[in-house]
Amino acid sequence: NGTDGFGTLTFEGTTATGGAIGVATTGDLLAVNFNGGIATLNNDIAAGLTTVSNDADLVLTPGRTITGNLTLAETSDL
């Protein structure tokens, strides 16, 4: 959207990304949330805050970048 820090994207179960999420420095999202299941990150994330909640696993393919703050819940895996 061309606006920095705007919008929230929430994944509620097992998923795999199909494209970059946000654009670092010029259009990052306010937040990205992973709320359970296994999320395979095939692309970069640019968000002010990326949260991996309880019972969620985030799998990063080689060369992926998460720009912004990253919060892992006590029982999440990265």
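If you're wondering where the values come from, they're calculated on a predicted model, not measured in any experiment.
The salt bridge (charged side-chain N to carboxylate O under 4.0 Å, His left out) pairs that include a residue from residues 36-47 are Asp44-Arg64, where partners are two or more places apart or lie in different chains. Each ring-ring contact (aromatic ring centres under 6.0 Å, His included) pair with one or both residues in residues 40-67, not counting sequence neighbours, would appear here, but there are none. Applying the ring-ring contact (aromatic ring centres under 6.0 Å, His included) test to pairs two or more places apart or on separate chains, none has a residue in residues 46-65.
Put simply, the side chain of Ile66 reaches to within 4.5 Å of the side chain of Leu41, judged on heavy atoms.
For Leu49, the side chain to side chain contact (heavy atoms under 4.5 Å, CB included) test picks out Thr51, Asn69, Thr71, with sequence neighbours left out.
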Under 3.5 Å, sequence neighbours excluded: what are the donor-acceptor pairs made by side chains of residues 31-40?
from: Asn33; atom 1: ND2; to: Thr10; atom 2: OG1; distance (Å): 3.2
from: Asn35; atom 1: OD1; to: Ser53; atom 2: OG; distance (Å): 2.9
from: Asn35; atom 1: ND2; to: Glu12; atom 2: OE2; distance (Å): 3.4

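Linking ILVMFWY residues whenever their side-chain heavy atoms come closer than 4.5 Å, directly or via other members, leaves Phe11 and Leu30 in distinct clusters.
Taking CD1 from Ile21 and CG from Asn43, the interatomic distance works out to 7.0 Å, rounded to the nearest 0.5 Å.
Without hydrogens or angle criteria, Thr17 side chain to Asn42 main chain gives a donor-acceptor distance under 3.5 Å.
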